[in-house]
Q: 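First, the structure itself, so that you have it in front of you.
Hydrogens, waters and symmetry mates play no part in the numbers below; they use all other heavy atoms, side chains included.
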Amino acid sequence: MRILGAAIGSCVHNAGLFNFLRLAEDNGYETIYLGSAVPLEVLVKAIEEENPDIVALSYRLGAEPLRKLLRKLEKMLKKRKLLDKLYIFGGTYETGKVAKEFRFIKHVFDGTEELEDVVMFLRGTVRAEFLDVTYPQTLSERVKFKAPFPLIRHHIGLQTLEETEEEIRKLAESGQLDIISIAPDQNCQQYFFEPEKMDPAQDGAGGVPIRKREDFVRLYEASRRGNYPLVRCYSGTTHLLEFSKLLKETINNAWAAIPLMWYSDLDRRSDRPLREAIKENMKAIRWNAKHGVPVEINDPHQWALRYAHDAVEVAMTYITAFVAKKLGVRDYVQQFMLETPNGYSPKGDLAKNLAKRELIEPLQDENFKIYRMIRTGLMSMPSDPHAAMAQLSVSMYYGWALEPHIVHVVAYSEAIQRATAKEIIESVKMAKRAISLAMRGTPDPLADRWVRREKNRIMQEAMAIIEAIKELKGGSEDALADPDTLYEAVRLGILDAPALKSFSVAKGEVKVKIIDGIARSVDEFGRPLPEEVRLENILSEVADVENSDSI
């Protein structure tokens, strides 16, 4: 495909146009550069002679002079029957507004875009129009298509189906999201397959009230426009296997997010006993794996949301990735939820999450691919919208050190109210700007001795937890994927979190404190407690109980 570019009229500003044409060349286009201050007659003659597929116009000198130029140009093009080309425009915000007034100009760049937006226009919008190329509709293909830029994800679930449908249309048409996550209400997640148990007073609580199969199809169809984003949905909190089948058939689920232990009597989001929940959840994971659906197992940040200390969260990161691989998952999504629990420093966050990354990377092989996804922790989002904007931007900037394939944006309004397309698009633009700056180059966090030391400590303590769980089954690695052993690890307190006390099957006895911007297990005096000591105390208590029972 050929692009002809020119700064028209008396405009001598050519840097933006020149850069655009270089980007086009990098993405496989042939370019023709006419230069600056190109008279309209020269431009039209070149269009006739060169016969480009796309004509890129640039002008930055003012609104009214441009309006006159474009009126004249439109008449000239119509007279010479040249309006069948794709005309695009680049300029300032002021001149961009004028260019949008003219129907023959199909796309306008006004300086508010990030580099990613321009590249995706060249790779997606243009090629789709001219070559009948569709946007990739699987996670692995979409990641390759978008590289080196990450896929952008956001969730949406408003009070009514109609509102949610309309906002999904807007999001797809904006081209800002690569993945739309549907957030159903709790009635749907828990009772979709048992509607008689739903409480109508809770309709719309926490998400969109989806009540029948056709509702999922309807929301998916709303996304079939713009950049045709991938669509996915939260799993149910019960009937996870049935939910997996439903989502595969209705929305071509981009990936399934299924817990290993949660949505049970561990967190009371369902009444399933923990041991049975683990078994059922594993069946759902295996089904998705068998049918080629990528999987995310979200236990690590679920523990962090209950104020678990760093070693437990990191140990669960390894265990869940191990389980996914064991159950046949080929494409695995590993989420790194930043700033969770609240109080983490950026360097503490990086130490913990780099420990996660380093621990699970060796699991990868030709049959098991890990896709890293970062997100701003919702617990850390302040209610003041401007403070939340800053929080979002900062976390995305330093989170780029994890080299994510996917960025889960959390709208700045989420701590105040549910986000509509407006707030989501605004938040995505903030995240993209932060990432764009980080992509230019940031210091290596592992060059910092404190980060490196803490990362190594956390890995060592996480491995102590993993080994303790293995010992429950004679040291076998298979213990990590055994429901009975995992249940015992929770029951005994090897896996524990303070916010689970007096609430669930877990003990909730571990004490956790934020020290130096990182969540540490502490003793009764608030001093850091090495994980080996904590585990030794637990196992000693178990041995004492067993000895007393045998007497």
Q: Please tell me if the side chains of Ser436 and Glu116 come closer than 4.5 Å, counting only heavy atoms from C-beta onward.
A: no
Q: Which of these passes ring-ring contact (aromatic ring centres under 6.0 Å, His included) with Tyr332: Phe368, Tyr371, Phe322?
A: Phe368
Q: Under the 3.5 angstrom rule, does the side chain of Asp523 hit a backbone N or O of Gly526 as a donor-acceptor pair?
A: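 The answer is yes, because a donor-acceptor pair under 3.5 Å joins these two groups.
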Q: Can you list the steps and then say if Phe243 with Tyr234 is a ring-ring contact (aromatic ring centres under 6.0 Å, His included)?
A: CA-CA 9 Å; Phe243 240 109; Tyr234 300 174; over 10 Å; no
Q: Are any side-chain N or O atoms of Arg272 and backbone N or O atoms of Thr238, one a donor and one an acceptor, separated by less than 3.5 Å?
A: no
Q: Which atom names give the shortest non-hydrogen contact between Asp349 and Glu339, and what distance separates them?
A: OD2-N, 2.7 Å
Q: Which of these passes side-chain contact (heavy atoms from CB on, under 4.5 Å) with Ile179: Ile152, Val231, Val407, Leu151?
A: Leu151
Q: Working note: Asp199 + Asn187, criterion side-chain hydrogen bond (donor to acceptor under 3.5 Å, both in side chains); need CA distance, chi angles, decisive distance, verdict.
A: CA-CA 7 Å; Asp199 177 4; Asn187 263 340; over 6 Å; no
Q: In Å and rounded to the nearest 0.5 Å, what is the CD1 to CG distance from Ile251 to Asp215?
A: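 Output value for this atom pair is 12.5 Å.
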Q: Would you say that Val505 contacts Tyr487 through its side chain, given a criterion of any heavy-atom pair below 4.5 Å between the two side chains?
A: yes
Q: Could you tell me if Arg418 and Gln159 have a donor-acceptor pair between their side chains, going purely by distance under 3.5 Å?
A: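 Side chains of Gln159 and Arg418: pair found under 3.5 Å.
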Q: Flag the pair Phe149 / Glu114 as yes when at least one side-chain heavy-atom distance between them is below 4.5 Å, and no otherwise.
A: no
Q: Do Gln202 and Tyr191 have side chains that approach each other closer than 4.5 Å (heavy atoms only, starting at C-beta)?
A: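 A side-chain contact is absent here, since even the closest heavy-atom pair is not under 4.5 Å.
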Q: With a 4.5 Å heavy-atom cut-off, do Leu486 and Met282 have their side chains touching?
A: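 Of all side-chain heavy-atom pairs linking Met282 with Leu486, at least one is under 4.5 Å.
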Q: Under a plain distance cut-off of 3.5 Å, with no hydrogens placed, do His154 and Gln176 share a side-chain donor-acceptor pair?
A: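 Side-chain D/A pair, Gln176 to His154: absent.
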Q: Does any non-hydrogen side-chain atom of Gln186 lie less than 4.5 Å from one of Arg269?
A: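 Touching, per the 4.5 Å side-chain cut-off.
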Q: Within the side chain of Ser270, is there an N or O that forms a donor-acceptor pair under 3.5 Å with the backbone of Tyr263?
A: yes
Q: For Glu467 and Lys470, run salt bridge (Lys or Arg N to Asp or Glu O under 4.0 Å): C-alpha distance rounded to whole Å, both residues' side-chain angles, the deciding distance at 0.1 Å, then the answer.
A: CA-CA 5 Å; Glu467 293 302 323; Lys470 288 181 184 179; 3.3 Å; yes
Q: Contact between Leu240 and Trp287 at the side-chain level, heavy atoms closer than 4.5 Å - yes or no?
A: no
Q: Verify salt bridge (Lys or Arg N to Asp or Glu O under 4.0 Å) between Arg534 and Glu461, making sure each step is shown before the conclusion.
A: CA-CA 10 Å; Arg534 185 183 79 88; Glu461 295 197 345; over 6 Å; no
Q: Check Lys347 with Asp448, please: is the shortest side-chain N to carboxylate O separation under 4.0 Å?
A: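 The answer is no: the pair does not qualify as a salt bridge.
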Q: Do Leu392 and Met389 have side chains that approach each other closer than 4.5 Å (heavy atoms only, starting at C-beta)?
A: no
Q: Closest approach of Ala481 and Lys326, non-hydrogen atoms and distance?
A: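 Taking Ala481 first and Lys326 second, the nearest heavy atoms are CB-CG, 4.2 Å.
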Q: Closest heavy-atom contact between Ile424 and His155?
A: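 Scanning both residues completely, I find the closest heavy atoms to be CD1-O, 3.8 Å.
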Q: Would a distance-only check, ignoring hydrogens and angles, find a side-chain to backbone donor-acceptor pair under 3.5 Å from Gln364 to Ile370?
A: yes
Q: Just how far is it from atom OG of Ser244 to atom NE2 of His291, taken to the nearest 0.5 Å?
A: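 So the OG of Ser244 and the NE2 of His291 are separated by 10.0 Å.
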Q: Is it the case that atom NZ in Lys473 sees more than 12 heavy atoms from other parts of the structure closer than 6.0 Å?
A: yes
Q: Among Asp185, Leu161, Ile156, which one satisfies side-chain contact (heavy atoms from CB on, under 4.5 Å) with Val208?
A: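 It is Leu161; the other options fail the test.
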Q: Where do Glu423 and Thr420 land on the side-chain hydrogen bond (donor to acceptor under 3.5 Å, both in side chains) test, with the steps shown first?
A: CA-CA 6 Å; Glu423 292 82 25; Thr420 67; 2.4 Å; yes
Q: With a cut-off of 6.0 Å (strictly less than), are more than 12 heavy atoms of other residues, nucleotides or ligands near NZ of Lys429?
A: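 Check fails, neighbour count at 12 or below.
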Q: CG of Leu535 to OG of Ser540: how many Å apart, nearest 0.5 Å?
A: 10.5 Å
Q: Run the salt bridge (Lys or Arg N to Asp or Glu O under 4.0 Å) test on Glu280 and Lys283 for me, step by step, so that the C-alpha distance in whole Å, both residues' side-chain angles and the decisive distance to 0.1 Å come before the verdict.
A: CA-CA 5 Å; Glu280 183 182 353; Lys283 288 179 181 178; over 6 Å; no
Q: Once you round to the nearest 0.5 Å, how far does CG of Leu350 lie from CZ of Arg452?
A: 14.0 Å
Q: Where the side chain of Ser235 meets the backbone of Ala257, is there a donor-acceptor pair that is under 3.5 Å apart?
A: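 Yes.
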Q: For Lys279, does the NZ atom sit with more than 12 other heavy atoms under 6.0 Å from it, leaving out its own atoms?
A: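 Yes, enclosed.
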Q: Judged by atom type as modelled, is there a donor-acceptor pair below 3.5 Å linking the side chain of Arg357 to the main-chain atoms of Asn353?
A: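 No, because the side chain of Arg357 does not come within donor-acceptor range (under 3.5 Å) of the backbone of Asn353.
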Q: Can you establish whether the number of heavy atoms outside Lys511 located under 6.0 Å from its atom NZ is more than 12?
A: no
Q: Can you name the one residue among Arg457, Gln460, His309 that meets side chain to side chain donor-acceptor pair (under 3.5 Å) with Glu531?
A: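 That would be His309.
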Q: Using the rule given for side chain to side chain contact (heavy atoms under 4.5 Å, CB included), can you reason through Leu246 versus Glu242, listing the C-alpha separation, both sets of side-chain angles and the distance that settles it, and then say yes or no?
A: CA-CA 6 Å; Leu246 174 71; Glu242 292 89 340; over 6 Å; no
Q: Please name the pair of heavy atoms, one in Ala256 and one in Val293, separated by the smallest distance, quoted to 0.1 Å.
A: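 Minimum heavy-atom contact is N-CG1, 3.9 Å.
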Q: Using every non-hydrogen atom in the two residues, find where Ile466 and Leu359 come nearest and quote the distance to one decimal.
A: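 The pair with the smallest heavy-atom distance is CD1-CD2, 4.4 Å.
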Q: Does either side chain, that of Lys197 or that of Gln190, offer a donor lying less than 3.5 Å from an acceptor on the other one?
A: no
Q: Can you tell me how far apart OH (Tyr412) and CD (Glu426) are? Round to the nearest 0.5 Å.
A: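 One finds 3.5 Å between OH of Tyr412 and CD of Glu426.
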Q: Could you walk me through whether Leu139 and His405 satisfy the side chain to side chain contact (heavy atoms under 4.5 Å, CB included) test, starting with their C-alpha distance in whole Å, then the side-chain angles of each, then the deciding distance to 0.1 Å, before giving a yes or no?
A: CA-CA 10 Å; Leu139 178 62; His405 303 92; over 6 Å; no
Q: Between Lys170 and Glu167 (salt bridge meaning N to carboxylate O under 4.0 Å), is one present in this structure?
A: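 Judged by the 4.0 Å cut-off on N to carboxylate O distance, Lys170 and Glu167 do form a salt bridge.
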Q: Please indicate whether Glu536 has more than 12 foreign heavy atoms, meaning atoms of other residues, nucleotides or ligands, lying under 6.0 Å from its CD.
A: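 No, because the 6.0 Å sphere around CD of Glu536 holds 12 heavy atoms or fewer from other groups.
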Q: State, to 0.1 Å, how close Pro498 and Val510 come at their nearest heavy-atom pair, and which atoms those are.
A: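 Shortest heavy-atom separation between Pro498 and Val510 comes out as CG-O, 3.5 Å.
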Q: Atom CD1 in Ile515, atom OG in Ser345: separation rounded to 0.5 Å?
A: 12.5 Å
Q: More than 12 heavy atoms of other residues, nucleotides or ligands under 6.0 Å from OH of Tyr307: is that the case?
A: no
